[in-house]
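Down below is the structure, laid out as structure tokens.
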Amino acid sequence: MKDNSATGAVPEQFAASGPTASPWMNILRNCAIASGAAVVLLAGAAALAAGPAAALSVVFGAAVVMAFFALSLLVGHYYGRRNPSGAVGVFLVTYLVKVVGFAALLFAIGAPQWLERMWFFAAAVVVVLLWQATEVFTFARQRHQIYDDPSSTSGEGR
């Protein structure tokens, strides 16, 4: 920043930025990157420790959890644009549908013969914890417009 004290000029003011345009896709991207990195590391450890079936179990467990959480963010992205105030209600309905749907899916397909249950469970727990932490961290850093600020830039009321 320039020192304008000698000329008596007023320092430049930065314009306030608005709310984040689509917070849900940004959250989804950050969560997928963090979880994907953890899955790669965990699948590598599983492959070295217990073989390819364990690595595949890690990938399967992580994919189930990531799909579970990604659906809510996608619904929030598409529905939040149309009706931002109703997004929370849609999240709740989506969560209920996901729980019932994924439980029915997992019971219907059962556990494949190759599934290493301990590695599947470990991957699911790691991804749940990492996804939730990343989601909260990213959401906390989003810009949300709380008040409908006037669009005039006349400088009145400062």
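Note that the structure is predicted; figures quoted are calculated from it, not measured.
Following chains of ILVMFWY side-chain contacts shorter than 4.5 Å, one can reach Ile109 starting from Leu71, so the two form part of one hydrophobic cluster. Note: the hydrophobic cluster containing Val65 also contains Met118 (ILVMFWY, side chain heavy atoms under 4.5 Å, direct or indirect links). Hydrophobic clustering of Ile, Leu, Val, Met, Phe, Trp and Tyr side chains at less than 4.5 Å, counting indirect connections, keeps Leu130 apart from Ile33. The hydrophobic clustering, which links ILVMFWY residues whose side-chain heavy atoms are closer than 4.5 Å, places Leu105 and Trp114 together. The hydrophobic clustering, which links ILVMFWY residues whose side-chain heavy atoms are closer than 4.5 Å, places Leu92 and Val100 apart.
The two atoms that bring Ala55 and Ala43 nearest to each other are CB-O, 3.5 Å, heavy atoms only. Nearest heavy atoms, Leu28 versus Ala70: CD1-CB, 3.6 Å. For the residue pair Gln132 and Phe69, the shortest heavy atom distance occurs at NE2-CE2, 3.0 Å. Across Val58 and Ala123, no two heavy atoms sit closer than the pair O-CB, 3.4 Å. Across all their heavy atoms, Trp131 and Met66 have their closest contact at CZ3-CG, 4.0 Å. Taking every heavy atom of both residues into account, Val127 and Ser35 meet most closely at CG1-OG, 3.9 Å.
Here the straight-line distance linking atom CG of Leu73 with atom CZ of Phe139 works out to 10.5 Å at 0.5 Å rounding. The CH2 atom of Trp119 sits 13.5 Å away from the CG atom of Leu56 when rounded to the nearest 0.5 Å. One distance of note links CZ of Arg29 with CG of Asn26; it measures 4.5 Å at 0.5 Å rounding.
The aromatic rings of Phe91 and Trp24 lie perpendicular to each other, with more than 60° between the two planes, well past the 30° mark.
A cation-pi arrangement is not found for Arg82 relative to Tyr78, the charged atom failing to lie both closer than 6.0 Å to the ring centre and inside a 45° cone about the ring normal.
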Is there a side chain to side chain contact (heavy atoms under 4.5 Å, CB included) between Val64 and Phe60 once you walk through the steps?
CA-CA 6 Å; Val64 168; Phe60 183 55; 4.1 Å; yes

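When the shell of 6.0 Å around CZ of Phe102 is examined, it contains more than 12 heavy atoms from other residues, nucleotides or ligands.
Phe121 places none of its side-chain heavy atoms less than 4.5 Å from the side chain of Ser57.
Under the side-chain contact (heavy atoms from CB on, under 4.5 Å) criterion, Val40 pairs with no residue at all, not counting sequence neighbours.
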